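The next block holds one structure in the form of structure tokens; read it before the comments.
Bear in mind the structure is a predicted one, so any value in this text is a computation, not a measurement. Below, chains carry the letters A, B, ... as their sequence lines are ordered, and counting in each starts from 1.
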Amino acid sequence: MTAFLASIGYNGWILHVLLALPLIGVVPLVLAPAERAKRIALAVTLVEFILSVGLWWSVETISGTLQLTSSTPWIAAWGISYAVGIDGISLMMVLLTTLLMPLCVLGSWNYIGQKERGYYAMLLTLITGVIGVFVATDLFLFYVFWEVMLIPMYFIIGIWGGKNRLYAAIKFFIFTMAGSLLMLVAILALAWSVAAKTGTLSFDYTHLLANAGAAKALAPWLFGAFALAFAIKVPIFPFHTWLPDAHVEAPTAGSVLLAAVLLKMGTYGFLRFAVPFFPSVAASPFVTNLMLVLAVVGIVYGALVAMVQPDIKKLVAYSSVSHLGFVMLGIWAATVQSVQGAIMVMIGHGLSTGALFFLVGMLYERRHTREISAYGGIAKVVPVFSLLFGIVALSSIGLPGLNGFVGEFLVLLGSFGVHPVSTGIATTGVIFAAAYLLWAMQRILFNKLDKRENEALTDLSGRELAVMLPLILGIVWLGLYPKPVLLKIQPAAFKYVESVRGGPAALDLVQRPQEPGR
Amino acid sequence: MMPIDLQTPSGVTLALLPEILVCAGAMLVLMVNAWKHHTGADSRLAGKVALASLIPAAAALAWLWAGGAEPEGRPFMVALDGFRFASLALILIATAATILLSFGYLEREGLIAPEYYSLLLFAASGMMFMAGAEDLMVLFLGLEVMSVSVYVLAGFNRGSIFSAEAALKYFLVGAFASAFLLYGIALLWGATGQTGLSGIGERLAGGELPLMGKLGLGLLLIGMGFKVAAVPFHMWAPDVYDGSPTPIAGFMATGVKAAGFLALVRILYVAVPDAASTWQPVVAALAVASMVVGNLVALSQRSLKRMLAYSSIAHAGYLLTALWPGTRLGAGAVVIYLAAYVLTTVAAFGILGVLGKGGERDVTLDSVAGLSKRHPWLAFALTVCMLSLLGFPGTFGFVGKWAILSGVVGARHILLAVILVVTSLISAGYYLPVIMAAYMRDAGAEDPLGGRRFDRAGVVTVAVAITVILVLGVLPGSVLNSAIEIAGTLVRTGGSSLVGIGR
């Protein structure tokens, strides 16, 4: 495989193609008749996915450094370039994105009935924005992708959303923008501080990372600005209020993408930018403790609120707050296992929550209600749906053998040694997760079949199975044999931990892998 | 290089060729009016003559700019540098766009008044004098020529009492502001014995500004503050914009504001650069007040025209922030932001003008509801305008904001940068609903255009502006570089690297 990829020069063009292809795809999509739009979108996203798969083999993740880097001057005099690169963490995020995209198109197949061209054009634009965020290695470019991605999501929620879509759309937009504008100032201040020391104004990630010490006096403020932008996106506890609104109002594919990919941009930002740039601030007791507390509060609060939701979609939305709390806990515990676990949760949550949102959407398309109380006993009527719902819910709970377990267990394992109290409280989150999801399952799938409308429900169609199958496979694979993925993200986790501790991560149980292909 | 001796009549004539040609055009339009002033067609003819007469002026400007005209010996009365040429180009663009957008508007409102175009040209010549002035007296004369013409233009819709109110209000406030300005000039002259900007600069070089000079500068700033509608001298702006014919409101928001800021940059950067520590706190205070008040009050506006009026006050705040650093990067940021702002605002007012159903005072969010269904391109153009005004990446407006923030952060005033971004966030609260109305709400029963079509001249103007906004939003390299180069003709310190000129 590697030889084949090398023979077609894969490494040289793949990132650029992944970024450009969706945008190019918009052109035929807009020109074609409306009823062809979804087919074109499906074709583009499938090609995108197939192309991206090669990254698995071609990205060398052992060194933990950025691979496949390329840089072209964009606004040369201002030190801005079009620079991209990829490492183990961004590799997983890119693959998650490209895998979910065709599924999202399939999942929207019948749901989107109006302005189809616009909808699929927005989805494609969103892919470019999201992938751009994960591969940009120039901070200006990163900021541009980070912001530009807002527009398609804003329209997806605002045009094709539910009843309160206008409110949800503007809330989503303004919350995100509030953080990112301050981040913009921080990026500039960092770049100018570095320029004052080195004499070159540049927004290149590696350059800034190497010289970030120049901004020492401003470091707490700059860290705060970066952290705020990412905290809103994650979302960390007090900044989470946009999330339930956006999730509930967005159409199914919008919710899937929000949960599976867009939230990960926040945690990715912490791993890639906020902490490595300002490790001394991030590792200070105040910040660490604050973040740990917020992470744990998020875990418990998200789970408790999820438990009392009458609306399935809201329940899943709040469960995201809880799961993302685990990611934050892992990031801030800063041991190799906890960080690896955090990244695993990022991937696993993408698969299982994405799948949950798809399932909720399928239910909604049939009955046009998301009230839990409107269902009951449907396992008899729609057995396949119920089986899949059960698997996905169990994976979200963290049942061993499914993907949710691996990530959360690693986070808890890695964090316990350093922060036993926080970890102890966080563990209750797993119990609560079991409570709210099992309870919901019981009320939806089991109990008595006492509503006449539910007796005529149809089971999943072939298209819907095609949407679910890859996700289920991923869930099982990551649950049974996560080693290949863990190995790919381990060096990046090591690198992150070293950057926080300012020295080699020797305290940990695992050894840093030395030779390729271990 | 083309040295021009400004002490000789022929030299001055050469240096002022663009202004002279615009004035000549204005008089030509008047002559045409004397014969033909009865029908709509006559009015159109006057507009075409006015538009055509901008071409020789632009050619003269291009000749001076490309030839690298510079003063032989001391600068005298009128500046001859890249900064002036860029200023003139900006003003000519704003004027041309206003003329193009006026055709359809005047016809619809039934205003047969060919002298409108001649007044526009006179106002433009005043702006050009103002922006290129090397002497405070020339500045004042230019300002008066501009102001008097715009007073009349504001009241041009004779049938509307709001238009009359706008004209009267603008006139009274404007006259008041002129008095401040004139008194400021007198005091500065008293302090330095000079009215030439570089003369004042030489007198004050390196030293502390004397009290009389401080007073003079303060009064000057107040006078200019009125003209550019900076808080707390902004009270007139919403009413005047609201009452004036829409293209004129656009002209005030772009041309008048641009001329004011370009003149202000020249005054502060050439005459009193060493007194930066004196004027910087004042500029910062005005900037913060304008950004906060403009954006907050814009939130509560119902009429889109008033909303844009308050937003233009907020943009005056951004521009004040841009010129705050006193560095070459700061001057460049003013140029680039003005370019972005002028293009976007021209397009926005153009769209607003066509949306009005006979009396655009009532254009509200409801009037654009569902615009994307009936007029998808118009909705798209409006969206681009709003995003550019918001400063969203991918549009020229973002490039402008980026330049401003670079200048301010480079000069180590991060607080001002933070205030700028926080207030722009507030502005999302009124720009986004316009987009939402156009795309996400259902259309009303009535067509917002009332069944009319956007006339061709207007379509072309808006289309060109939108294209430029998008292209320069993605590929801003060349325009950023030339802005820095242009600023370099005004501020020569700091070497050539961006790091040097930013500090």
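Proximity to chain B is limited to the backbone of A/Thr200, based on heavy atoms less than 4.5 angstrom apart. Contact of B/Leu387 with chain A is made through the side chain alone, with heavy-atom distances under 4.5 Å. B/Ala437 does not touch chain A: none of its heavy atoms, backbone or side chain, sits under 4.5 Å away. Neither the backbone nor the side chain of B/Leu416 comes within contact range of chain A; no heavy atom of the residue lies under 4.5 Å from a heavy atom of that chain. Using a 4.5 Å cut-off between heavy atoms, A/Phe173 contacts chain B through its side chain alone, with no backbone atom that close.
With chain A as the partner, the residue from B/Ala417, B/Gly429, B/Ser406, B/Ser372 showing the most heavy-atom pairs under 4.5 Å is B/Ser406. Highest contact tally toward chain B, considering only A/Pro73, A/Ala225, A/Gly118, A/Ser193, is held by A/Ser193 [criterion: heavy-atom pairs under 4.5 Å]. Across A/Leu150, A/Ile80, A/Ile159, A/Leu218, the residue that shares the most heavy-atom pairs under 4.5 angstrom with chain B is A/Ile159. The most heavy-atom pairs under 4.5 Å with chain A, out of B/Leu475, B/Thr383, B/Val474, come from B/Val474.
For B/Glu485, the CD atom is loosely surrounded, since the number of other residues' heavy atoms within 6.0 Å does not exceed 12. Around atom OH of A/Tyr82, more than 12 heavy atoms belonging to other residues, nucleotides or ligands sit under 6.0 Å away. No more than 12 heavy-atom neighbours from other residues, nucleotides or ligands sit within 6.0 angstrom of NZ on A/Lys216.
For the pair A/Trp78 and B/Ile484, the minimum side-chain heavy-atom distance is below 4.5 Å. Residues A/Leu166 and B/Arg441 meet the side-chain proximity criterion, which asks for heavy atoms closer than 4.5 Å.
A distance below 6.0 Å separates the ring centres of B/Trp402 and A/Phe203.
Shortest non-hydrogen contact noted between B/Met436 and A/Ala169 is CE-CB, 4.2 Å.
Screening B/Val409, B/Leu405, B/Val408 for a side-chain contact (heavy atoms from CB on, under 4.5 Å) with A/Trp192, the sole residue that qualifies is B/Val409.
In this structure, the side chain of A/Trp221 does not engage the main chain of B/Ile414 through any donor-acceptor pair within 3.5 Å. Looking only at distances, no side-chain donor or acceptor of B/Arg412 sits under 3.5 Å from a matching main-chain atom of A/Ala189.
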**OP:** Output, in order, the C-alpha distance, side-chain angles, deciding distance and verdict of side chain to side chain contact (heavy atoms under 4.5 Å, CB included) for B/Tyr439 and A/Lys115.
**Re:** CA-CA 11 Å; B/Tyr439 278 94; A/Lys115 302 185 199 166; 5.8 Å; no
**OP:** Might you work through the side chain to side chain contact (heavy atoms under 4.5 Å, CB included) test for A/Leu181 and B/Val422, ending with a clear yes or no?
**Re:** CA-CA 7 Å; A/Leu181 279 173; B/Val422 170; over 6 Å; no
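Residues of residues 388-397 of chain B lying under 4.5 angstrom from chain A, judged on non-hydrogen atoms, are B/Leu390, B/Phe392, B/Pro393 in numerical order.
Ring geometry for B/Phe398 versus A/Tyr143: interplanar angle under 30°, hence parallel rather than tilted (30 to 60°).
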